[in-house]
A.B. asks: 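One structure, as structure tokens, below. Some questions next.
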Amino acid sequence: MASAWPYWLPIRADLYGISPYGAPQISDVVALNTNENPFELPKTVQDSIVSRIGEVVHGLNRYPDRDAQVLRSKLAEYISKTTGSSVSSENIWAANGSNEILQTLMIACGGADHLAIGFTPSYSVHPLIAQLTRTPWFAGTRDQDFAIDMVVAKKLIHEKNPSLIFVTTPNNPSGTSTPLADLRELADLAGQVGALLIVDEAYAEFSEEESAVSLIADFQHVVVVRTMSKAFAFAGTRLGYLVAHPAVVNASLIARLPYHLSSITQAAAEVALDYADLMQSEIATLVSERSRVFEAISSMGYKPVPSAANFILFSGFKDDASDVWQRLLDRGILIRDIGLRGYLRVTIGTPAENDQFIAALREIAE
Ligand SMILES: Cc1ncc(COP(=O)(O)O)c(C=O)c1O
């Protein structure tokens, strides 16, 4: 693999074998592969964003507010309202997508002598960012239902003594949730070994489970990572954030790049937060479509995993999962082969897209 790189490029040896992260971006297909929200922004919000950007555009000769004060206050308001836990802008840090938040956290709190652990299968970007920041990573496991076995987790945490513990809930790719009681126990264990518990809640708004934000008052080392990419249908803007003790925010300030969040991004996200209810008005549709797609997959003899997110992982193929993936693509439906043997993941689309997926899968199943 080393030979793929030109001899003159001083790329880090530990990156030789890595391919750039990313799912295929193919045009003219029904794209159900990246857990995007399929609904376009409501027209009122589109218009308001355009008008607000019109207001900031004259000032683009200046750097943006590097601490994103207004945006962080609005995010704090949204979190306080939706989780019932009162937080302020001092508890919030924002960046270009939650991926950047994760990277900032690992730059600030990871590194060669700080072990990070996760419970796999889970979001593959966590170990990727660990590698990029030279943070050693240990992949703990989940049980056959993709739940975290607390007995196993407790043993692992005491054995490994990590600095960072990652839990994704609802989990990607399984869609399964970790109950708040288990997160509380994990927070307690993290406290015992002096670790941060990083709860990735990218899909929280699709779930009934209470947010881990409620743990922050009792456990100062709990960090909740959120995004506007999914429930807000705002993936193109790139806006993620964390909710945590102000010390975590201060550490993020050190690790962030100066002026990382453009004035345009901040303005667009502020408007979206003013219209939070309208922006999220399709969540109910996606949740009811999730049940419909689940039933359809199951009625064909496949085995879907119960999901609290906007996607479903399923198995039970007669052929190789990658064959089924290809045959769906041949019919114009792009879903995700996440490299988990025997499983594929489909994002919930619009009702019409879901119909197309169901019809194509039925054809393959026959
Ligand atoms: C669990 C999880 N966390 C974080 C992200 C990153 O989201 P973004 O960078 O768009 O905020 C994703 C994206 O799919 C995800 O699945």
Side-chain angles (χ1 to χ4, degrees), residues 20-25 31-38 68 71 75 78-79 92-106 116 118-130 132 139 142 146 148 164-178 183 197-207 209 211-212 223-243 252 256 260-262 265-266 268-269 272-273 279-280 286 290 305 307-313 334-340 343 345-349:
Y21 177 87
Q25 292 191 306
L32 301 176
N33 65 331
T34 53
N35 299 342
E36 289 157 329
N37 188 318
L71 175 61
L75 286 165
Y78 168 72
I79 284 294
I92 307 276
W93 182 243
N96 295 283
S98 50
N99 286 334
E100 190 178 70
I101 289 287
L102 294 164
Q103 186 186 53
T104 305
L105 279 170
M106 278 207 244
F119 299 93
T120 53
S122 191
Y123 186 43
S124 60
V125 170
H126 297 158
L128 176 64
I129 297 176
L132 295 175
R142 288 172 176 260
F146 301 102
I148 296 174
L164 302 168
I165 301 169
F166 284 84
V167 175
T168 308
T169 181
N171 186 41
N172 179 8
S174 59
T176 47
S177 288
T178 302
L183 291 174
L197 176 66
I198 300 172
V199 187
D200 187 335
E201 288 193 353
Y203 301 96
E205 288 95 339
F206 298 105
S207 162
E209 195 65 51
S211 167
V223 181
V224 178
V225 178
R226 290 277 190 115
T227 180
M228 292 179 76
S229 294
K230 313 295 178 179
F232 274 84
F234 217 40
T237 308
R238 310 303 299 127
L239 202 290
Y241 56 102
L242 61 75
V243 192
S252 305
R256 62 118 152 86
H260 67 302
L261 206 54
S262 85
T265 303
Q266 293 187 37
L273 285 159
M279 289 289 278
Q280 300 196 11
L286 291 170
R290 181 175 74 201
V305 178
S307 169
N310 66 335
F311 53 83
I312 295 175
L313 186 71
L334 177 61
I335 67 167
R336 189 75 173 262
D337 181 352
I338 24 94
L340 185 61
Y343 286 90
R345 192 195 70 194
V346 62
T347 303
I348 304 302

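Whatever order the structure lists them in is the order used to number ligands and atoms, beginning at 1.
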A.B. asks: Applying the side chain to side chain donor-acceptor pair (under 3.5 Å) test to Glu201, which of Ser177, Ser98, Ser211, Ser207 qualifies?
C.D. replies: Ser211
A.B. asks: Looking at Pro173, Pro121, Ser307, which one forms a side-chain contact (heavy atoms from CB on, under 4.5 Å) with Leu313?
C.D. replies: Pro173
A.B. asks: Can you name the residues that form a ring pair (Phe, Tyr, Trp, His ring centres under 6.0 Å) with Phe119, not counting sequence neighbours?
C.D. replies: none
A.B. asks: What about the rings of Tyr203 and Phe311, do their centers lie closer together than 6.0 Å?
C.D. replies: yes
A.B. asks: Out of Leu75, Ile79, Leu242, which one pairs with Arg226 under the side-chain contact (heavy atoms from CB on, under 4.5 Å) rule?
C.D. replies: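 Only one of Leu75, Ile79, Leu242 forms a side-chain contact (heavy atoms from CB on, under 4.5 Å) with Arg226, namely Ile79.
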A.B. asks: Answer yes if the ring centres of Tyr78 and Tyr241 are under 6.0 angstrom apart, and no otherwise.
C.D. replies: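 Not close enough - the centres of the two rings lie 6.0 Å or further apart.
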A.B. asks: Could you pull out the N/O contacts under 3.5 angstrom between ligand 1 and the surrounding protein atoms?
C.D. replies:
residue  : atom   : partner : partner atom : Å
ligand 1 : 3 (N)  : Asp200  : OD1          : 3.2
ligand 1 : 3 (N)  : Asp200  : OD2          : 2.7
ligand 1 : 7 (O)  : Ser98   : OG           : 3.1
ligand 1 : 9 (O)  : Ser98   : N            : 3.1
ligand 1 : 9 (O)  : Asn99   : N            : 3.1
ligand 1 : 9 (O)  : Asn99   : ND2          : 3.3
ligand 1 : 9 (O)  : Arg238  : NH2          : 2.8
ligand 1 : 10 (O) : Ser229  : OG           : 2.6
ligand 1 : 10 (O) : Arg238  : NH1          : 2.7
ligand 1 : 11 (O) : Ser98   : N            : 2.6
ligand 1 : 11 (O) : Ser98   : OG           : 2.7
ligand 1 : 11 (O) : Thr227  : OG1          : 2.6
ligand 1 : 11 (O) : Ser229  : OG           : 3.4
ligand 1 : 14 (O) : Tyr203  : OH           : 3.2
ligand 1 : 14 (O) : Lys230  : NZ           : 2.9
ligand 1 : 16 (O) : Asn172  : ND2          : 2.8
ligand 1 : 16 (O) : Tyr203  : OH           : 2.6

